[in-house]
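First the structure, in the form of structure tokens, and then the observations on it.
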Amino acid sequence: QVQLVESGGGLVQVGGSLRLSCAASGIRFSISTMAWYRQAPGKQRELVARISNGGITNYPDPVKGRFTISRDNAKNTVYLHMNSLKPEDTSVYYCYSVRTGSLSEYWGQGTQVTVSS
């Protein structure tokens, strides 16, 4: 049974930092691509960061230079380090997993991040 469980969200002031964690089970984590997405009310879900099984990372412009994705294969966990947070970062953040050749994609239930203004 596949589970992606996010944690680490909360309320933070502008300019602050948070670290999100996603603990995965039921997948072949070491050969999976992992990613973080976010979705705010009234907006479409958007990619925040992605990391391949080989450790290659991708970031869209709104978070580039501020957010860092990393993975610990021994712990089956992916992290999102968020620095210099802005009000527009306020969203529900979701963990995502997919594997090359797989027909299935998996999502966590999300964790709320709120940045005060």
Problem - Residues, nucleotides or ligands: over 12 heavy atoms within 6.0 Å of Q109 CD - result: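 Counting other residues, nucleotides and ligands, CD of Q109 stays at 12 neighbours or fewer.
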Exercise for the section: Apply side-chain contact (heavy atoms from CB on, under 4.5 Å) to the pair L11 and V115, showing each step before the final yes or no. Expected result: CA-CA 6 Å; L11 177 64; V115 184; over 6 Å; no
Practice task
May I ask you to test the Y94-R38 pair for a side-chain heavy-atom distance under 4.5 Å?
Solution key: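 No, too far: nothing below the 4.5 Å cut-off.
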Exercise for the section: Using a 4.5 Å cut-off on heavy atoms from C-beta on, say whether the side chain of Y106 contacts that of V98. Expected result: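 No. Closest side-chain heavy atoms not under 4.5 Å.
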Which donor-acceptor pairs under 3.5 Å do side chains of residues 77-88 form with protein atoms, sequence neighbours excluded?
| unit_1 | atom_1 | unit_2 | atom_2 | d |
| --- | --- | --- | --- | --- |
| T77 | OG1 | K75 | O | 2.9 |
| N83 | OD1 | S17 | OG | 3.0 |

Exercise for the section: Over all heavy atoms of both residues, which pair between L47 and A35 is shortest? Give the atoms and the distance, please. Expected result: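 In this case the closest contact between L47 and A35 is CD1-CB, 4.0 Å.
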Problem - Minimum heavy-atom distance between L4 and C22, given as atom pair plus value - result: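 The answer is CB-SG, 3.9 Å.
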Separation between [atom1] of [X] and [atom2] of [Y], rounded to the nearest 0.5 Å:
{"X": "S97", "Y": "Q3", "atom1": "OG", "atom2": "CD", "answer": "13.0 Å"}
{"X": "L20", "Y": "S7", "atom1": "CG", "atom2": "OG", "answer": "8.0 Å"}
{"X": "Y93", "Y": "L18", "atom1": "OH", "atom2": "CG", "answer": "9.0 Å"}
{"X": "N73", "Y": "M34", "atom1": "CG", "atom2": "CE", "answer": "10.0 Å"}
{"X": "R71", "Y": "S32", "atom1": "CZ", "atom2": "OG", "answer": "7.0 Å"}

Problem - ILVMFWY cluster membership beyond V5 - transitive side-chain contacts under 4.5 angstrom - result: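 Hydrophobic cluster check, V5: no partners found.
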Problem - Criterion side-chain contact (heavy atoms from CB on, under 4.5 Å) on I31 and R99, from CA distance to verdict - result: CA-CA 7 Å; I31 60 172; R99 179 167 56 85; 3.4 Å; yes
Handout entry: salt bridge (charged side-chain N to carboxylate O under 4.0 Å, His left out) involving R28 - partner list, sequence neighbours excluded
Key =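 Per chain and number, R28 pairs via salt bridge (charged side-chain N to carboxylate O under 4.0 Å, His left out) with no residue.
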Exercise for the section: Look only at the side chain of E6 and the backbone of C95, and say whether a donor-acceptor pair between them is shorter than 3.5 Å. Expected result: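 Yes.
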Practice task
Verify, without hydrogens or angle tests, whether S102 (side chain) and S104 (backbone) share a donor-acceptor contact under 3.5 angstrom.
Solution key: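 It does hold such a pair.
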Under 3.5 Å, which donor-acceptor pairs link side chains of residues 48-62 to any protein atom two or more places apart or in another chain?
| unit_1 | atom_1 | unit_2 | atom_2 | d |
| --- | --- | --- | --- | --- |
| S52 | OG | G54 | N | 3.2 |
| S52 | OG | G55 | N | 3.3 |
| S52 | OG | I56 | N | 3.1 |
| Y59 | OH | I69 | N | 2.9 |

Practice task
Could you note down all residue pairs passing ring-ring contact (aromatic ring centres under 6.0 Å, His included) where residues 2-36 supplies at least one of them, sequence neighbours left out?
Solution key: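 Every pair satisfying ring-ring contact (aromatic ring centres under 6.0 Å, His included) with a residue in residues 2-36: there are none.
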Exercise for the section: Kindly write out the residues that satisfy ring pair (Phe, Tyr, Trp, His ring centres under 6.0 Å) with Y37, not counting sequence neighbours, or none if the list is empty. Expected result: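 Partners of Y37 under the ring pair (Phe, Tyr, Trp, His ring centres under 6.0 Å) test: Y96, W107.
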